[in-house]
Amino acid sequence: APTAGTIKVNGSSTINAWYNGNVTIEAVNGSDSLSQHASTTVNITSITSNTTGTTVTVTTTDKAGNSSTRNYTIKIDKTQPTCSFGTLSYLGVNTTATIDLTCTNTVSGISDKQLTASDFIVSNATITNVSRTTVTNGYKYTITLKGTTAGTSTVTLPSNKVTTVAGLGNAAKTSGSITITNVSLS
């Protein structure tokens, strides 16, 4: 029987065994030193949709009609992370409150990165802590804010701070605005 060929995948670069764009697949010839190589083919020549695992089979046939196969798994995630802020109902000067940011991706998931205060842009407040918990298909970041100046405050997550396992970064996301007051609630 011949030695099965391999495949050449053309397209976006792979990160963590994932592609983050469309791919085309070419057969690379196998060999047979006894009966000589006749053909090498692949069952799929392109993949253009998200997939957590599509099997590509390469088949090599020799001139005697014998064949051998080899399987490869191709994974594609072309979807950016989805990030959304929760709401923050009150923040006063010199008081603290938390706001949640949840980032998910249902194809490859979210890469394992702990965000820090320096990953965010904040107005009229400072971030004193960022903690992370696991949620389905991603992470929830709990951001602790301390009001510094009366006025309107927002928290912005700039683009590409959170990435999928396939390497795609988030779009920039800003929380709803809140008014920081000089009066503490009692």
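Quick note: numbers below take in every heavy atom, side chains included, and nothing from hydrogens, waters or symmetry partners.
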Asks: Would V165 and I74 show up in the same hydrophobic cluster when neighbours are defined by side-chain heavy atoms closer than 4.5 Å?
Replies: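 Looking at the clustering, I74 is in a separate group from V165.
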Asks: Is any side-chain heavy atom of L157 less than 4.5 Å from a side-chain heavy atom of C83?
Replies: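 Yes, at least one pair of side-chain atoms sits under 4.5 Å.
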Asks: What verdict does the side chain to side chain contact (heavy atoms under 4.5 Å, CB included) test give for Y72 and T55, after you've listed the backbone C-alpha separation in whole Å, the side-chain angles of each residue and the deciding distance to 0.1 Å?
Replies: CA-CA 6 Å; Y72 295 88; T55 301; over 6 Å; no
Asks: Does a salt bridge link D119 with K113, judged by any charged N lying under 4.0 Å from a carboxylate O?
Replies: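 Yes, this pair counts.
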Asks: Would I15 and V162 show up in the same hydrophobic cluster when neighbours are defined by side-chain heavy atoms closer than 4.5 Å?
Replies: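 No, it is not one cluster - the side chains of I15 and V162 are not joined through contacts under 4.5 Å.
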Asks: Determine, stepwise, if the pair I76 / W18 fulfils side chain to side chain contact (heavy atoms under 4.5 Å, CB included).
Replies: CA-CA 6 Å; I76 296 176; W18 285 85; 5.6 Å; no
Asks: Group every Ile, Leu, Val, Met, Phe, Trp and Tyr by side-chain heavy-atom contacts under 4.5 Å, then state whether L115 and I110 land in the same group.
Replies: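 Hydrophobic grouping puts L115 with I110.
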Asks: Go through T133 and T142 one step at a time and tell me if the side chain to side chain contact (heavy atoms under 4.5 Å, CB included) criterion holds.
Replies: CA-CA 8 Å; T133 55; T142 300; 5.5 Å; no
Asks: Under the criterion side-chain contact (heavy atoms from CB on, under 4.5 Å), which of T95, L91, N124 is the partner of L145?
Replies: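 Single side-chain contact (heavy atoms from CB on, under 4.5 Å) partner of L145 among T95, L91, N124: L91.
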Asks: Might you confirm whether atom NZ of K140 has over 12 heavy atoms from other residues, nucleotides or ligands at distances under 6.0 Å?
Replies: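 Result for NZ/K140: open.
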Asks: Looking at Y139, is R132 sitting on its ring face, NZ or CZ under 6.0 Å from the six-membered ring centre and within 45 degrees of the normal?
Replies: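 Geometry flag: set, cation within 6.0 Å and 45°.
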Asks: Against T79, only a single residue in T106, N20, N50 fulfils side-chain hydrogen bond (donor to acceptor under 3.5 Å, both in side chains); can you say which?
Replies: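 Exactly one candidate clears the test, N50.
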